[in-house]
Amino acid sequence: MDVHLRDLRYFVAVAEELHFTRAAERLYLSQPALSKQIRALERQLGFPLFDRRSRQLELTPQGEALLEPARHLLADWQRALAGARGAGAAVSLTVGMQTAVGRDVQRDVIAGFRERGWRILLRLVTWDDPSAGLTDGSCDLAFVWLPLPGAGLATRTLVAERVWVALPAGHRLANRPEIDFGELADEPFVALPRSAGPLRDFWLATAARGGRPPRIGAEAASTDEVLEAVASHQGVVLIAEGNVGLYQRPDLVYRPVRGLPEAELAIAWRSDDRRPEIAELVAALTSHSRSQPDG
């Protein structure tokens, strides 16, 4: 039976907090998504890990037996991962991302560090993990869209961009040079997974809807899935201006949207990670972004 390290990490967090909401905040997940993952793990194992019958969440005997070995497995993996990353390279970092790296602030700075001999691996992470690999330790830094859920992550905003909308070709609003969000509010939207937390709400423009819930035409966990859903007329989706040029397709039309706040692209890292190479790369990205002309 193969169990993912991510599932063990979720189990340990709930076992230590004995509270799903607090554990979800610690893991940068929504509470329903965490509960669903724990239920799936229990089904896979064939026994319950938690007794939910009382008001206070408790470990079952099976959960008690599994907790300490799970902690050791996670600690051993983190030590092995740190050793592997440091082998054969002066500096080795993994940078998570959820959309393509195409902005100068990312491409130019990373290229410069690679020329100095740094080994920087770019890893594409789905929207199921709003921390882009920081929570499970698979990434050292990550390019993320704000807001981020939970605590324990530090961020620096690199770029603030206007929000556009992606429409299927032939949509009734496709010929408009600019679209007011009010004209989109009743459209079905392609949503990020619920595990994306507040980021899902941001790209659904929940705050601009005056309390009216959005219509969800489809859910998608990656950029390619999102755009494919739009192209197949399942809904429309909001997108940052900088991504428009990266995802050109003949079956999609992009238009700027009035009445919404800008989208903020940030670099994020674990706030307790004080390695000097982390600080150096963050400082270089921040400095480069500030030196770029507006627009």
Side-chain angles (χ1 to χ4, degrees), residues 1-81 94 96 98 123-140 142 144-145 147-153 191-204 206 213 216 218-222 225 268 270-273:
M1 179 185 298
D2 294 327
V3 174
H4 293 293
L5 286 172
R6 179 191 64 185
D7 297 326
L8 292 181
R9 189 171 287 106
Y10 291 172
F11 161 64
V12 168
V14 177
E16 291 177 347
E17 299 290 344
L18 289 178
H19 195 282
F20 274 98
T21 299
R22 288 197 298 269
E25 291 173 352
R26 169 173 157 182
L27 294 164
Y28 320 111
L29 291 172
S30 68
Q31 186 270 326
L34 178 58
S35 296
K36 181 179 178 181
Q37 291 290 341
I38 293 296
R39 291 282 190 190
L41 176 60
E42 290 174 322
R43 287 195 298 271
Q44 185 177 1
L45 294 174
F47 52 76
L49 296 169
F50 297 97
D51 187 343
R52 301 166 175 84
R53 292 174 296 179
S54 63
R55 295 181 63 183
Q56 174 67 39
L57 189 68
E58 296 178 352
L59 282 163
T60 63
Q62 297 98 322
E64 289 276 8
L66 187 61
L67 179 56
E68 202 56 34
R71 284 175 172 148
H72 285 302
L73 280 169
L74 292 171
D76 287 345
W77 171 250
Q78 287 302 118
R79 284 192 291 270
L81 187 61
T94 300
Q98 291 167 323
R123 176 173 174 260
L124 191 63
V125 184
T126 67
W127 297 107
D128 287 309
D129 178 3
S131 76
L134 294 175
T135 302
D136 64 9
S138 60
C139 294
D140 302 292
V144 297
W145 293 100
L148 284 180
L153 296 182
L192 301 183
R194 292 190 181 277
S195 57
L199 200 59
R200 170 185 166 110
D201 290 334
F202 179 85
W203 291 110
L204 289 173
T206 301
I216 305 301
E219 289 190 359
S222 69
E225 289 179 5
R270 289 178 292 276
S271 54
D272 61 355
D273 190 341

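Any value given below was found using the heavy atoms of this structure, including those in side chains, with hydrogens, waters and symmetry copies removed.
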Rounded to the nearest 0.5 Å, how far apart are [atom1] of [X] and [atom2] of [Y]?
X      : Y      : atom1 : atom2 : result
Leu199 : Trp127 : CG    : CH2   : 5.5 Å
Glu58  : Glu64  : CD    : CD    : 9.5 Å
Tyr10  : Ile38  : OH    : CD1   : 9.0 Å
Leu41  : Arg6   : CG    : CZ    : 10.5 Å
Gln44  : Asp7   : CD    : CG    : 6.5 Å

| Set of residues satisfying salt bridge (Lys or Arg N to Asp or Glu O under 4.0 Å) with respect to Asp128, sequence neighbours excluded |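 Listed in chain order: nothing, the list is empty.
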| said: Run the salt bridge (Lys or Arg N to Asp or Glu O under 4.0 Å) test against Arg53 and tell me which residues pass, sequence neighbours left out. | reply: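 Arg53 satisfies salt bridge (Lys or Arg N to Asp or Glu O under 4.0 Å) with Asp51 only.
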Given 3.5 Å as the limit, does a donor-acceptor pair link the side chain of [X] with the main chain of [Y], or not?
X      : Y      : value
Thr94  : Asp140 : no
Gln98  : Asp129 : yes
Thr60  : Pro48  : yes
Glu225 : Ala221 : yes
Arg71  : Val12  : no

| said: Per the salt bridge (Lys or Arg N to Asp or Glu O under 4.0 Å) rule, what does the pair list look like for residues 27-43, sequence neighbours excluded? | reply: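 Qualifying pairs, neighbours excluded: Glu42-Arg52.
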| field | Least distance between heavy atoms, Ser131 atom then Leu153 atom | value |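 Scanning both residues, the minimum pair turns out to be CB-CD1, 4.1 Å.
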| So which heavy atom on Arg22 is nearest to which on Glu17, and how close? |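 The pair with the smallest heavy-atom distance is NH2-O, 3.0 Å.
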| Counterpart residues, side-chain contact (heavy atoms from CB on, under 4.5 Å), relative to Leu73 (two or more places apart) |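 Partners of Leu73 by the side-chain contact (heavy atoms from CB on, under 4.5 Å) criterion, ordered by chain and then number, come out as Leu8.
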| task | Check the angle between the aromatic planes of Phe50 and Phe11 and answer parallel, tilted or perpendicular using the 30° and 60° thresholds. | result |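 The arrangement is tilted - the two ring planes meet at 30° to 60°.
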| request: Only counting residues at least two apart or in another chain, list the ones meeting side-chain hydrogen bond (donor to acceptor under 3.5 Å, both in side chains) with Asp201. | output: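 Here no residue qualifies.
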| task | Determine, stepwise, if the pair Leu59 / Leu66 fulfils side chain to side chain contact (heavy atoms under 4.5 Å, CB included). | result | CA-CA 10 Å; Leu59 282 163; Leu66 187 61; over 6 Å; no
| Pair listing, ring pair (Phe, Tyr, Trp, His ring centres under 6.0 Å) test, anchored in residues 57-78, at least two apart |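 Pairs touching residues 57-78 that pass the test: none.
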